Structure formats: structure tokens, C-alpha cells
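Have a look at the structure below before the remarks.
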2 protein chains.
Amino acid sequence: MTKANKIFIYYKKVKNLSEMDLPSHRRSQKRQRILEEVKNTKIHPTAMWVYQRVRKDFPRLSLGTVYRNLNFLCEQGLIQKLLLDFPSDHFDGDTSLHHHFICKVCGKVFDLDLKTKENLSKKAEKKTDFSIENYRIYFYGLCDRCKKRR
Amino acid sequence: MTKANKIFIYYKKVKNLSEMDLPSHRRSQKRQRILEEVKNTKIHPTAMWVYQRVRKDFPRLSLGTVYRNLNFLCEQGLIQKLLLDFPSDHFDGDTSLHHHFICKVCGKVFDLDLKTKENLSKKAEKKTDFSIENYRIYFYGLCDRCKKRR
DNA sequence: ACTAATAATAGTAATTATTACTAATTTTTA
DNA sequence: TAAAAATTAGTAATAATTACTATTATTAGT
């Protein structure tokens, strides 16, 4: 199954779930801990980073469990996946409205609060026939540290 | 080597290349054809899509050649790679300033011209210590077709 | 046009991130 | 406390991309 299909299925699921009951989810210790790790850092970690951290307290943790839970938590809207030009996925525990800056030199990802005066979704909707729900902005350039080094 | 390192190296290369001579690049027929294919479509294709097309005229084409050239063309700034939530990379032959809309249902990617009244880079720079070179906006929602089907 | 130098390619192997699978375990429910 | 069901560990499989090397194609200089 491709990710294109997954997006479709996820969308359908959300629509249906608002009508019927949510399937019962169990608060396993590991899931809780994985969520906390992502929430308590600003580095926008990968699955491997989370795995290495949580494994210190749960030595039998499996990497698959981390992946499964990160994806689950994304579907639940408790965290989000970032779209960056890195080989592995990065996650963000902050689901509030904000954007990101990526340094072209060191590759670090920073949060960036930015409120546009215009409503960009509405502006884009007027130019198209789409119904736009949300958007993300990714900024690129040099971070403070890397700027100084030049 | 991770992609983070690659970004670093690419950046260094560009800086240095402006001082010294560009290495000589040969205009092979296949590279030319790959570039044309990406330039002549609006579907934001994957390497596999390009491969299947170009192979019709060059039956001995190798998929590795397509990957190598797509990456090369990105580095040269002739095409760009999009950051989408799909398992495989998508490319865009249009390098002019524009943004993208991705339909949450069918997964199609559309170009979206949008000129903001504010200079978002400058606005973001004022809030941070970064020097911002460019940004990309990804919009999400339902496309025309998918909207009608509901 | 010919040749030397070297960039590009084909074909294959290797790598890496992620997902799939299933028996065993943990958590919840009643 | 026992039954039901979600979750996990451990492993295998998958899929996209990159790496490698002998061969081929392109360019530059004569």
C-alpha cells in the first residue's frame, strides 16, 4: 500500500470516527513515554532518536513499536510529521499553528511563529477551486550559529 | 553519508564554485531527455515515472541514471525536489517562485501561484537571528474533483 | 577527423528507512 | 479474577535510493 492510499484511508477514518465511537486505545507505558519524549524536545526527532532515549528505561523496546506509535500519535493529532529533505522522518510534538526554518548548512530545524496578516488559505482558495484546510511554510537559510562562522 | 551532510557539502560546493571554475558537465542525450520530461509535465513526477517515459526512446536506460541525473539537475538548480508525504521523491521542472497544493484524498499535487503582500522572509527574519533565503508553502485540502464527489 | 582525457552509463549489489507479521505479553473490561 | 482485545518484541520483508565498477559516450585539443 502506497502512502497515497494511506492518506485516503486516514481521511475516511477521521470522517467516520466523528460519527461513531473511537476504537478503544490503551495507554501503554511505552506509548505514553514515546509521546512524552516527542513533546519534551524541540529538536524535531527521528524515530531512532526516540528509540534510543526510551530504551534507556525500557530495554526491551522494539524499534517497530516506536514507528507504530509515532504514526499512531500522528493519526490522533497529538504530534505531527515534518516534511524535510532528510532520509528519515522527523516528528514534532508541537501541533499548534507554527512553521519551520531549516538551516542549509547544519541542517537543524527550528520552530518559527509567524502570523500572516493575510489569510493565506482563503487567498489561495480564491485563486483555485480547492477547499483548503491548512498549510505549512518551510523557510530555508542560515541559522545564527552558521551565519557567525562565515 | 546522511542527507544532512549532503546539504552541507552542496552548500560548500556552491560557495567554492563561484570562485573557481565549474567542473565540465557533458550534455548527454539521456540527461537532456530526462530534463525535458520533467520540464514538460505538471504532474510532479517520480524517478520511476521519468524512467518509464525516457526508456521508450532509450531502451537500455538504467534507473540509477535517472536518479543520478535528477539529483544532478536539482543541484544545478534546473529542477527542484518537492517535500511531500509520499514514499518516493517527486520532482518539479518549474523552478520559478510558486507553491503547492496537495489533495488529502487523491494525493495529487497542484501548482499554486500566490503572491503575498507581506515579505514573509523579511518578516520571519525580524523575529529570529536567521538569514532567510527562501521559503516554500504547502497547502492541504480537497481538490476540485474530490470535493464534488462528496 | 583523430585521439587522449574524462564524464556518464548499465547493470548489479548494497544500504537504509520503514512496514508487515505473529506469537507472546500487557492492559482493560466485566 | 478471568476473558477479551490491544500492544509489543523480534524477525522478516519491502521499497526507495545510493554505491560500485567495467564499459561507453562526449568533449577538447591537435
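Model, not experiment: these values are computed from the prediction. Scope of the values below: all heavy atoms of this structure, side chains included, with no hydrogens, waters or symmetry mates. Protein chains get the first letters and strands the later ones, always in sequence-line order, with residue 1 at the start of each.
- The interatomic distance linking B:Y51 (OH) with C:dA10 (C1') rounds to 10 Å, in whole Å.
- Between B:N69 and C:dT9 there is a side-chain N or O to OP1 or OP2 distance below 4.0 Å.
- Nucleotide C:dT9 holds its P atom 13 Å from the CG atom of B:L63, rounded to whole Å.
- In this structure, B:F86 places its CZ atom 18 Å from C1' of C:dA17, rounding to the nearest Å.
- The separation between B:D89 atom CG and C:dT18 atom P is 13 Å, rounded to whole Å.
- Candidate nucleotides D:dA16, D:dT7, C:dT19 were compared by shortest atom distance to the side chain of A:R31, and D:dT7 ranks first.
- The side chain of B:Y67 contributes an N or O atom lying less than 4.0 Å from OP1 or OP2 of D:dT17.
- Within the 4.0 Å cut-off from OP1 or OP2 of C:dT6, not a single side-chain nitrogen or oxygen of B:R26 is found.
- The ring pair (Phe, Tyr, Trp, His ring centres under 6.0 Å) test with B:Y135 singles out one residue from A:F139, A:Y135, A:Y138, and that residue is A:F139.
- Distance CZ (B:F58) to C1' (C:dG11): 18 Å, rounded to an integer number of Å.
- Residue B:S62 has its side chain nearest to C:dG11 when only C:dT19, C:dG11, C:dT18 are considered.
- For the pair B:R33 and B:F58, the cation-pi test (distance below 6.0 Å, angle within 45°) is failed.
- Of the candidate nucleotides D:dT18, D:dA16, C:dT9, C:dT9 has the atom nearest to the side chain of B:R68.
- Using a 4.5 Å heavy-atom cutoff, the side chains of B:Q80 and B:R136 are in contact.
- One can place CD of B:Q32 at 12 Å from C1' of D:dT26, the figure rounded to the nearest angstrom.
- Considering only side-chain N and O atoms, A:Q29 lies nowhere under 4.0 angstrom from the phosphate OP1 or OP2 of D:dT7.
- Under the 4.5 Å side-chain criterion, counting only non-hydrogen atoms from C-beta, B:R150 is in contact with B:L142.
- Closest-nucleotide positions on DNA chain D for B:S28 and B:S88 were compared, and the one nearer the 5' end corresponds to B:S88.
- Rounded to an integer number of Å, the gap from CZ of A:R33 to P of D:dT8 is 14 Å.
- In this structure, CD of A:Q52 is placed 14 Å from C1' of C:dA17, rounded to the nearest angstrom.
- Residues B:G64 and B:R27 each lie close to DNA chain C; by heavy-atom proximity, the contact nearer the 5' end of the strand is made by B:R27.
- Checking D:dA16, C:dT18, C:dA10 against every side-chain atom of B:K30, the shortest atom distance belongs to C:dA10.
- Using a 4.5 Å heavy-atom cutoff, the side chains of B:V109 and B:F86 are in contact.
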